[in-house]
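Working notes, beginning with the structure itself.
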Amino acid sequence: AYQMARQLNLSHGMLVAVPNHDPAGAAVEEAIQTALHEAQTQNIRGRDVTPFILKRVAETTGGDSLRSNMSLVKRNAQVGA
């Protein structure tokens, strides 16, 4: 699809999704969803949402979120290379 679009001079974008295969990935996703729900029920809005989510996810996962994110960054670099 990419090569054909180039040959036809079509402007386009491409999104490449890299799954998180770290064992903690599922727990991190659950922590994110829980934190999003907490933010909503506590009426946390705007610029306060991201720091709240990051803090809650780190607390909930006991640091596994950092390890999982580092693994994902390495995998993104491999896919992008």
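Ile32 and Met70 end up in different hydrophobic clusters when Ile, Leu, Val, Met, Phe, Trp and Tyr side chains are linked at under 4.5 Å. Both Phe52 and Leu36 sit in one connected hydrophobic cluster of ILVMFWY residues. Membership requires side-chain heavy atoms under 4.5 Å apart, directly or through other members. In the hydrophobic clustering of this structure, Val18 does not group with Val73; members are Ile, Leu, Val, Met, Phe, Trp, Tyr whose side-chain heavy atoms approach within less than 4.5 Å, directly or through other members.
Here CG of Asp22 is found 10.5 Å from OG of Ser65. Values are rounded to the nearest 0.5 Å. How far OG1 of Thr50 is from CD1 of Ile44: 11.0 Å, rounded to the nearest 0.5 Å. Atom-to-atom distance recorded for His21:NE2 and Arg75:CZ is 6.0 Å, nearest 0.5 angstrom.
Under the 4.5 Å side-chain criterion, counting only non-hydrogen atoms from C-beta, Thr60 is not in contact with Thr34.
For Glu29 and Gln33, the side-chain atoms include at least one donor-acceptor pair closer than 3.5 Å.
Within a 6.0 Å sphere centred on CD of Glu30, other residues, nucleotides and ligands contribute 12 heavy atoms or fewer. Atom CD of Gln40 sits in a sparse spot, with 12 or fewer heavy atoms from other residues, nucleotides or ligands closer than 6.0 Å.
At least one donor-acceptor pair under 3.5 Å links the side chain of Thr61 to the backbone N or O of Val57.
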